[in-house]
Amino acid sequence: MILKSSQQKAVTELEKFFGHWKNELLAYGETAKTLKDVGQESIIASITPPIKKLYETVGEYREFSDMPEAQGVVYPRLCLQVPTGGGKTLLGVEAIRIFKEKFLEDKKGLVVWIVHSEPIYKQTIQKLQDKTNPYRQILDQIRGNRTLIMEKTDTLRFQDVNENLVV
């Protein structure tokens, strides 16, 4: 699928964000391993967690005044502004692809897709359930046709998430 220039710009930003985050995560892991190896495990708790360090040190994220935090733990969040008709569903699918392929490197799991209105929900679910739709085809490529598109009223089983990409 050929992306418009604004969509490509958004995808590039997603790739950069996940790249920065992965670098911080790898550095944190190496430091934690080194500390464990030398018997200094107690110091690990004082090291800034990877996503928080990302927000504090990478210039373009440092100005993020609304650092997402829950129960004292900073969690990842990236906001992209996309105009009406700008391909938000496509960018959502691309975000899943980038995250699964380049960051997590695990093609299964659960993605919770949140939309702001019932009409958008119905429109999105219809596109994602249609196996001929390019958005669904991208999702199917991620997990080798082991994709489940579930509605908010469906029963979610551990086995589904453990074996499929569940959206």
Looking at Y28, I'd like to know if the NZ or CZ of K53 sits under 6.0 Å from its six-membered ring centre while staying within 45 degrees of the ring's axis. no
For residues 125-132, dump all side-chain donor-acceptor pairs below 3.5 Å to protein atoms at least two apart in sequence or in another chain.
unit_1	atom_1	unit_2	atom_2	d
D130	OD1	T132	N	2.9
D130	OD1	T132	OG1	2.6
D130	OD2	T132	OG1	3.2

When rounded to the nearest 0.5 angstrom, what distance separates CD1 in I96 from OH in Y135? 12.5 Å
Test item: N164 side-chain N/O and V166 main-chain N/O as donor-acceptor pair under 3.5 Å: no
Separation of L91 CG from I98 CD1 (nearest 0.5 Å): 8.5 Å
For the residue pair L25 and P50, what are the closest heavy atoms and their distance? CD1-CG, 3.6 Å
Following the transitive rule for hydrophobic clusters with a side-chain heavy-atom cut-off under 4.5 Å over Ile, Leu, Val, Met, Phe, Trp and Tyr, establish whether I114 and V93 coincide in one cluster. no
Flag side-chain contact, heavy atom, 4.5 Å: L139 against V111: no
Spacing of CZ belonging to R97 relative to CG belonging to L14, to within rounding of 0.5 Å: 9.5 Å
Before accepting this row, confirm whether a basic side-chain N of the pair E30/K33 lies closer than 4.0 Å to the acidic partner's carboxylate O. no
Would you please name every residue forming a salt bridge (charged side-chain N to carboxylate O under 4.0 Å, His left out) with K36, sequence neighbours left out? none
One pair to check against side-chain contact (heavy atoms from CB on, under 4.5 Å): K108 and N162. What are the steps and the verdict? CA-CA 7 Å; K108 63 184 188 236; N162 203 32; 3.9 Å; yes
So how far is it from E15 CD to E101 CD, rounded to the nearest 0.5 Å? 10.0 Å
Identify each donor-acceptor pair in which a side-chain atom of residues 153-161 lies under 3.5 Å from a protein atom, sequence neighbours left out, and give them as a table.
unit_1	atom_1	unit_2	atom_2	d
D154	OD2	E151	N	2.7
R157	NE	D160	OD2	3.4
R157	NH2	D160	OD1	2.8
Q159	NE2	E163	OE2	3.4

Between atom CD of Q141 and atom CZ of R136, what is the distance when rounded to the nearest 0.5 Å? 12.0 Å
Please tell me if the side chains of I138 and L90 come closer than 4.5 Å, counting only heavy atoms from C-beta onward. yes
Verdict with supporting geometry, W113 and I149, side-chain contact (heavy atoms from CB on, under 4.5 Å): CA-CA 10 Å; W113 192 300; I149 307 299; over 6 Å; no
Are L26 and W21 connected in the hydrophobic side-chain network, where two residues link if heavy atoms are under 4.5 Å apart? no
Nearest heavy-atom contact between L3 and Q8 is CD1-OE1, 3.4 Å
I44 and V38: same hydrophobic cluster, using ILVMFWY side-chain contacts below 4.5 Å? no
Mind checking the CG-CD1 spacing from L54 to I51? Nearest 0.5 Å is all I need. 4.5 Å
